[in-house]
Trainee: 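The structure's right below; bear with me while I get my questions together.
Note on naming: letters A, B, ... go to the chains in the order of the sequence lines (proteins, then strands), and numbering restarts at 1 for each one.
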Amino acid sequence: MKTALLDSVEKKSLKSELPYFEVGDIVDVHCRIVEGERTRVQIFTGTVIARSGRGTNETFTVRRIVNDEGVERKFPIHSPNVADVKPIRSGRTRRAKLYFLRERSGKSVKLAQRRTKHTSGK
Amino acid sequence: MVLLGKKIGMTRIYDKGKSVPVTVIQAGPCSVTQIKTDETDGYNAVQVGYDDVKPSRCKKPAEGHAKKAGTTSKAFIRELRLDSPADCQLGDTITVDAFADIKFVDVVGTSKGKGYAGVMKRHGFGGFPASHGCERKHRAPGSISSFASDAGHGGNLKKGKRMAGRMGGDKITSRNHDLIGIDAEKSILIVKGAVPGCSGGYVVIKKSKKN
């Protein structure tokens, strides 16, 4: 009952279609950035290392290496400012959270590519 | 203008690209259980009740009180003082529609109990350093008065000195919440920000003065 009421409130803020990607994938995140009057789209590319939360609180974390420095950004997946998420390369993983990548550097950051195709969604 | 309800929980919604923290409150339908007037009670007020009690759990006096208003016994009863006699009838139902034109609301609830809490948590004291020779008093209140000081008259503590003690479980009013949405079908109020108390706790929703 309680969650049903919360869900009904969240419903309007949820995206009807979510982009399909999995943990381990390298993705392009198209984020809308408002600069005064103008809005433009900036692309953040990196590996998805975690997905958490549910409903409007669902987020995913993208990690990339910039100038030998790890950068992580957390995006609310239902936020209107996340215009699109495009998977560009799949990664084979055995766990849901890839926090172990934080200790890695150089070549070992790369994940092996998944052989099978995405199991569901598009 | 008063509504009783139950805090359902918090979530977030997106409004024009911005994330807005909201609390969902199931409010009403409430029944008017008593109307107090100057003549009979010495002051003007309206008493409303919310949430039915299981008939087998009803107390006889409460049952009789509700019967006068032609309703069932209520679990949560509160009254609102008024300047002039209430313009409603005994047994009337108040729903969320009463808040249709309202922009801001005050929410009264019972805060979560924190148990016996120290001064840092209870009153926001600064505490003492973690190091630099500080020993065994990292979260201590410090001196509470000196002998014969102005603060403590001749060895007595000044009244109201802030100390450790039971925290939470108090009646708290949080004012001027934006009323973001109303769902009459599910009798839901969507209110911006956090509201006192735990999810499932009873709250009183009033019209703010700010309106």
Trainee: Quick check on E17(A): does its CD atom have over 12 non-hydrogen neighbours (other residues, nucleotides or ligands) under 6.0 Å away?
Mentor: no

Trainee: With a 6.0 Å cut-off (strictly less than), is the heavy-atom count around CZ of R38(A), excluding the residue itself, greater than 12?
Mentor: no

Trainee: For K36(B), does the NZ atom sit with more than 12 other heavy atoms under 6.0 Å from it, leaving out its own atoms?
Mentor: yes

Trainee: Distance from K12(A) atom NZ to D15(B) atom CG, nearest 0.5 Å?
Mentor: 11.0 Å

Trainee: What pair of heavy atoms forms the shortest contact from N57(A) to R12(B), and how long is it?
Mentor: OD1-NE, 3.0 Å

Trainee: Under 4.5 Å heavy-atom distance to chain B, tell me which part of N81(A) shows up: side chain, backbone, both or neither.
Mentor: side chain

Trainee: Surrounding CG of D38(B) (heavy atoms of other residues, nucleotides or ligands, distance under 6.0 Å), is the total greater than 12?
Mentor: yes

Trainee: Is the CZ atom of R175(B) crowded by more than 12 outside heavy atoms at less than 6.0 Å?
Mentor: no

Trainee: Between I13(B) and chain A, with a heavy-atom cut-off of 4.5 Å, which part of the residue counts as in contact: side chain, backbone, both or neither?
Mentor: both

Trainee: Supply the atom-to-atom distance T23(B) OG1 to L6(A) CG, rounded to the nearest 0.5 angstrom.
Mentor: 10.0 Å

Trainee: Closest approach of G17(B) and P80(A), non-hydrogen atoms and distance?
Mentor: CA-CG, 3.8 Å

Trainee: Can you tell which of I25(B), I188(B), T11(B), D183(B) makes a side-chain contact (heavy atoms from CB on, under 4.5 Å) with L5(A)?
Mentor: I188(B)

Trainee: Taking S13(A) for its side chain and Y14(B) for its backbone only, find out whether a donor-acceptor pair lies under 3.5 Å.
Mentor: yes

Trainee: Within a radius of less than 6.0 Å around NZ of K103(B), do more than 12 heavy atoms belonging to other residues, nucleotides or ligands occur?
Mentor: no

